[in-house]
Amino acid sequence: MALYRLDSSLAAELVAPSIVAAFDGWVDAGSAATAAVERLAASGRTVATFDNEQLYDYRSRRPTLDIVDGRLTELDWPELTLRVTTIGDRDVLVLTGPEPDDRWRTLASELVELGGRIGVAEWISLGAIPAAVPHTRPVPVLGTEARPGLLKGNIRPGPIGRLRVPAATISVLEMAFAASGIPAVGYFAQVPHYVNGPYPAASVELLEAVAGHLSIPAPLGDLPEEARQIRTRLDAATALDEVARTYVERLEGMADEERLPSGDDLIADIEKYLRERGNEGSQRS
């Protein structure tokens, strides 16, 4: 049974669309990547739906239940969708939703087949990773590319050296598109690992990276103002804590030296991030 159902009439209108993808959960620190793609797809129409029963484990990613006055009223199920929007003169397909739990390789194979059917021109992954970077400096963005020269703007491939981490679905899909011959890149914002909650400054950087890549205007909306407010709160919090202030100043020195993170640096930051997420899960259960 196929994992997706395509709206053929809508797909027939597309001209060399690019796919931009982001999933929540792993590789979405500060919800930066999913917030960015939701801006891209704000006025989009659904061009493909998926058999979410095959993709999600509902005990690990439970649907949200609304209870009103003691009556069970509504269930909000996790779902993956592919929406199309036109920005400038470009058709952009936005693939987003919770990161699938199951059938990653099947999903990759079928998405590549779908891409061939509708003439997808390129694949663009968006993600956000926890890193030893300060909130007082511009958000760094690292890139991945199927071959040298695909990244645009001032984005450099990274990190330096070898990095071995638990894989994300987004990377499996990027590799599958690259293996099929479709150009594939990824833009990954580095989010200060001490930040809890949404980090709109990273969403702004990701949207600008995509806009520069596709030569389209960046649909930022109120994200810059949200980023300014978060910056103000973080400034106030660190000003009151000498240890935090000293740590941020050390990170500023590293950023000012324009040091790219090594694989070992990222491993340490990611492990810290996972430990913190694990502790949060223990508190919720």
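Along the sequence shown, residues are numbered consecutively beginning with 1.
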Can N52 and W77 be said to form a side-chain contact (heavy atoms from CB on, under 4.5 Å), step by step? CA-CA 9 Å; N52 297 296; W77 296 89; over 6 Å; no
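- Counting heavy atoms from C-beta outward, V185 and E122 have side chains that stay 4.5 Å or more apart.
- Distance check, rounded to the nearest 0.5 Å: CG of L220 to CG of D222 gives 10.0 Å.
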Applying side-chain contact (heavy atoms from CB on, under 4.5 Å) to V191 and V139, what does each step give before you reach the verdict? CA-CA 7 Å; V191 173; V139 175; 5.7 Å; no
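- Counting only heavy atoms from C-beta outward, the side chains of V84 and P17 never approach each other to under 4.5 Å.
- A 4.5 Å side-chain heavy-atom check between I124 and F177 finds every atom pair outside the cut-off.
- Y56 places a side-chain N or O within donor-acceptor distance of the main-chain N or O of P98, the cut-off being under 3.5 Å.
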Would you check, one step at a time, whether the test side-chain contact (heavy atoms from CB on, under 4.5 Å) holds for M175 with W123? CA-CA 10 Å; M175 293 177 70; W123 169 277; over 6 Å; no
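- Under the 4.0 Å criterion applied to side-chain N and carboxylate O atoms, R117 and E110 are not assigned as salt-bridge partners.
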Test side-chain contact (heavy atoms from CB on, under 4.5 Å) on L40 and T96 and set out the steps. CA-CA 11 Å; L40 284 173; T96 191; over 6 Å; no
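- Of all the heavy atoms in T85 and S43, the pair that sits closest is OG1-OG, 3.7 Å.
- If you check the side chains of T64 and D66, you find no donor sitting under 3.5 Å from an acceptor.
- The backbone N or O of L142 sits nowhere less than 3.5 Å from a side-chain atom of Q190 that would complete a donor-acceptor pair.
- The line from CG of L80 to CG of D51 is 11.0 Å long, rounded to the nearest 0.5 Å.
- The side-chain heavy atoms of L173 and I19, taken from C-beta on, include no pair separated by under 4.5 Å.
- Here the shortest heavy-atom pairing between H213 and L150 reads CE1-O, 3.4 Å.
- A 4.5 Å side-chain heavy-atom check between T144 and S125 finds every atom pair outside the cut-off.
- There is no path of hydrophobic side-chain contacts, each under 4.5 Å, that joins V172 to L111.
- Distance check, rounded to the nearest 0.5 Å: OG of S8 to CD1 of I118 gives 10.0 Å.
- Rounded to the nearest 0.5 angstrom, T49 OG1 and R83 CZ are separated by 13.0 Å.
- Side-chain atoms of S109 do not come within 3.5 Å of backbone N or O of R105 as any donor-acceptor pair.
- Annotation for R137: atom CZ counts as buried by contact number, over 12 foreign heavy atoms lying within 6.0 Å.
- Cluster annotation: V37 is not connected to L93 through the hydrophobic network of ILVMFWY side chains, with a link wherever side-chain heavy atoms come within less than 4.5 Å.
- One hydrophobic cluster, built from ILVMFWY side chains closer than 4.5 Å, holds both L10 and L114.
- D241 places no side-chain N or O within 3.5 Å of a backbone atom of R245 that could act as its donor or acceptor partner.
- Taking each heavy atom of A168 and V27 in turn, the nearest pair found is CB-CG2, 3.4 Å.
- Contact record, E145 with E174: N-OE2, 4.5 Å, taken as the closest heavy-atom pair.
- Remark: of the listed residues R233, R231, R39, R39 is the sole one forming a salt bridge (charged side-chain N to carboxylate O under 4.0 Å, His left out) with E226.
- When the side chains of ILVMFWY residues are joined at heavy-atom separations under 4.5 Å, either directly or via intervening members, V141 and L251 end up in two distinct hydrophobic clusters.
- Here the side chains of L82 and Y4 are not in contact, with every heavy-atom distance at 4.5 Å or above.
- With contacts defined as side-chain heavy-atom distances shorter than 4.5 Å, the pair V248/L234 does not qualify.
- Under a hydrophobic-cluster definition in which Ile, Leu, Val, Met, Phe, Trp and Tyr are linked whenever side-chain heavy atoms come within less than 4.5 Å, directly or via other members, L75 and Y58 are assigned to the same cluster.
- Looking at every heavy atom in both residues, I216 comes nearest to I87 through CG2-O, 3.4 Å.
- Ionic pairing of R61 and D24 is present here: one or more N-O contacts between side-chain nitrogen and carboxylate oxygen are shorter than 4.0 angstrom.
- A donor-acceptor pair shorter than 3.5 Å cannot be found between the side chains of E205 and Y199.
- Expressed to the nearest 0.5 Å, how far CG of L126 lies from CD1 of I170 amounts to 7.5 Å.
- Contact record, Y247 with A132: OH-CB, 4.4 Å, taken as the closest heavy-atom pair.
- With hydrogens and angles ignored, the 3.5 Å screen pairs a side-chain donor or acceptor of D28 with a backbone N or O of T34.
- Between the D57 side chain and the D101 main chain, no donor and acceptor come within less than 3.5 Å of each other.
- With values rounded to the nearest 0.5 angstrom, I230 atom CD1 is found 10.5 Å from R228 atom CZ.
- Between H135 and T238, some side-chain heavy-atom pair lies under the 4.5 Å cut-off.
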